[in-house]
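For the numbers below, each heavy atom of this structure counts, side chains included, while hydrogens, waters and symmetry mates do not.
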Amino acid sequence: MPCNIYLTGFMGSGKSRVGRELAQALGRPHLDTDQLFQERFGQAPGDFIRQHGEEAFRQGEQEILRQVARKEEFTVVSTGGGVPVYPGNRKIMKESGITATLQISLEAIAARLSPQEKASRPLWDEERFRQRQPFYQDCEIRLDATRTPGEVADQFRAMAADFLLQAPRKCPSFQKLLRQAARDSARFNLLQKGDRILLGLSGGEDSFLLLELLHAIAEKAPFPLRILAATVDLGYPGFQEAPIAGYCRSRGWEFHWRSVPGLHSLLAPDKVGDAPCALCSRLRRGQLHRLLKELHCNKLALGHHLDDLCVSFLMSLFHGAGLKTMGPCVPADGGSATLIRPLWGIPKAQIHQAASLFPFPRPQPCPYEPLLREKGDRHFLEEALDTLEARFPHLREAMRKSLGDLRPAHLLDPRFLKLPPQ
């Protein structure tokens with residue numbers, strides 16, 4: 001999957017500094033092949049070359065590059081000056097990402113480096129600089145390295161806008177969830193021809209990722225699907241429309257904002273105590289169902305995932321409310337619409353990994369979050385799942401399997417038991 005960013009250029013052109021700036025701007029990891037080489041082989045590249053020769057170094061360097069291409073996704077990689085020259089390296093980089101070169105004159109580089117820095121680089125000379133230029137020019141993007149690292153990073157973002165927009169979707173983490181969401185949706189017939197789906201966009205990474213997944217599914221589906229997004233603002237102080245609406249606009253997606261400022265007063269501590277979630281959820285859901293009718297949608301999609309289903313099951317079990325959880329496909333509005341949860345089979349950790357690839361707006365915190373972390377049953381059970389997973393590996397997947405394998409004859413409900421006559 002071509003989703004990494006490889007920075008190339010002659011030694012001293014500023015690849016490491018630009019790489020750090022670009023990675024920070026994109027919110028992505030940064031790797032330096034020279035640093036990785038030193039960690040792997042226990043010697044800095046210059047010392048290794050002087051002791052073992054350039055060919056041995058290039059072979060080790062290529063091994064590092066292959067490992068990066070195989071394991072990393074949407075990562076900014078600052079490469080060594082000779083990486084594009086060695087046979088096979090340009091193919092590795094272009095098949096696993098996009099390449100950019102930092103263009104700068106040898107005189108400008110020389111002005112940057114001290115005599116000690118030049119002496120520490122055994123492959124520093126003018127002839128080598130000229131020989132490598134054709135290999136650097138083979139990159140997709142050419143950057144002006146005479147600018148500051150921040151300016152060069154901004155230049156890359158402008159020139160690679162299309163790549164940066166598509167890269168997260170090409171990453172293995174997203175593609176894996178896309179396949180699973182499609183399979184899980186097909187299992188319960190969540191998506192059907194002509195569906196007009198309203199997605200409840202809370203502003204958290206779960207609902208944003210679901211929005212990306214549904215649009216990706218709609219693009220490949222053999223039948224038409226219409227995806228709309230909506231956010232309900234109950235009037236909490238500081239809750240902002242701009243970041244959420246801005247992201248949707250940047251993707252060209254239809255978005256609706258429903259503001260009902262007075263409703264948050266119903267959630268005051270003197271009215272709901274330390275358990276506001278159930279009422280808050282009902283209030284938001286009520287507004288979404290109104291929008292569902294106004295926008296002529298037949299389905300409401302929510303971003304609940306496997307962890308939510310597991311915790312809801314435990315909540316119901318421990319409170320004596322029956323063996324139940326959040327259903328993937330539930331009739332709504334008296335049967336005139338359907339509530340769907342396409343992420344029902346995907347663990348939260350996998351959603352977080354895929355969501356980190358995207359420049360989603362920062363989640364806007366719930367004002368009750370400190371209270372819920374201290375006293376909330378749901379938060380307690382979320383942490384309990386992690387604790388139990390250490391003892392029971394793949395616990396969430398096991399619970400998913402069990403929730404789909406109901407055995408009434410081994411439970412205690414007389415309605416489903418063949419009892420002897422009285």
The test is side chain to side chain contact (heavy atoms under 4.5 Å, CB included); show your working for E61 and Y86 and say whether it passes. CA-CA 9 Å; E61 189 177 51; Y86 195 70; 5.6 Å; no
Test log, rule side chain to side chain donor-acceptor pair (under 3.5 Å), inputs H319 and D377: CA-CA 10 Å; H319 285 285; D377 290 344; 3.2 Å; yes
Going by an N to O cut-off under 4.0 Å, is there a salt bridge joining E95 and K91? yes
So does K348 pair up with D386, basic N to acidic O under 4.0 Å? no
Could you go through S173 and E73, starting from their C-alpha distance and side-chain angles, then the distance that decides it, and tell me whether this counts as side chain to side chain donor-acceptor pair (under 3.5 Å)? CA-CA 8 Å; S173 293; E73 54 182 12; 2.3 Å; yes
Got a sec: does the CZ of F41 have more than 12 other heavy atoms crowding it under 6.0 Å? yes
Under 4.0 Å between a side-chain nitrogen and a carboxylate oxygen: does that hold for R40 and E63? yes
Mutual orientation of the aromatic rings belonging to F10 and Y136 [parallel < 30°, tilted 30-60°, perpendicular > 60°]: perpendicular
Salt-bridge present (K193, D195; N to O < 4.0 Å): no
What residues, two or more places apart in sequence or in another chain, satisfy side-chain hydrogen bond (donor to acceptor under 3.5 Å, both in side chains) together with S13? none
Hey, would you say the F358 and Y247 ring centroids sit under 6.0 Å apart? no
R400/E397 ion pair, N-O < 4.0 Å: yes
Using 4.0 Å as the upper bound for N to carboxylate O, is an ion pair formed by D184 and R179? no
Report yes or no: is the cationic atom of R187 (NZ for Lys, CZ for Arg) closer than 6.0 Å to the six-membered ring centre of W344, at no more than 45° off its axis? no
Salt-bridge contact R258-D233 (side-chain N to carboxylate O under 4.0 Å): no
In terms of relative ring orientation, are W257 and F239 parallel, tilted or perpendicular, with 30° and 60° separating the classes? parallel
Step by step, would you call V83 with V85 a side chain to side chain contact (heavy atoms under 4.5 Å, CB included)? CA-CA 5 Å; V83 164; V85 181; over 6 Å; no
Evaluation steps, side chain to side chain contact (heavy atoms under 4.5 Å, CB included), between T231 and F255: CA-CA 8 Å; T231 298; F255 173 76; 3.3 Å; yes
Taking only Lys NZ, Arg NE, NH1 and NH2, and the carboxylate oxygens of Asp or Glu, determine whether E382 and R378 approach each other closer than 4.0 Å. no
Is the closest side-chain donor-acceptor distance between Q103 and R142 under 3.5 Å? no
Show your reasoning for whether side chain to side chain contact (heavy atoms under 4.5 Å, CB included) applies to L288 and L302. CA-CA 10 Å; L288 288 172; L302 300 178; 4.2 Å; yes
Go through it in stages, so that I can follow the logic: the residues are H256 and E254, the test is side chain to side chain donor-acceptor pair (under 3.5 Å), and I'd like the CA-CA distance, side-chain angles, deciding distance and then a yes or no. CA-CA 7 Å; H256 298 267; E254 184 172 344; 2.8 Å; yes
Taking every heavy atom of L102 against every heavy atom of A145, the minimum-distance pair comes out as CB-CB, 3.7 Å
Is there a side chain to side chain donor-acceptor pair (under 3.5 Å) between Q62 and N89? Walk through the geometry before answering. CA-CA 7 Å; Q62 186 172 84; N89 284 350; 2.9 Å; yes
On a heavy-atom basis, the closest approach of L143 and Q155 is CA-OE1, 3.7 Å
Please verify the inter-ring angle class for F57 with F48; under 30° counts as parallel, over 60° as perpendicular, anything in between as tilted. tilted
State whether D154 and R147 are salt-bridged, where the test is any N-O pair (Lys NZ or Arg NE/NH1/NH2 against Asp/Glu carboxylate O) under 4.0 Å. no
When you look at CG of D162, are more than 12 heavy atoms from neighbouring residues, nucleotides or ligands closer to it than 6.0 Å? no
Which pairs, with at least one residue in residues 24-33 and sequence neighbours excluded, count as a side chain to side chain donor-acceptor pair (under 3.5 Å)? S16-D32, H30-S78
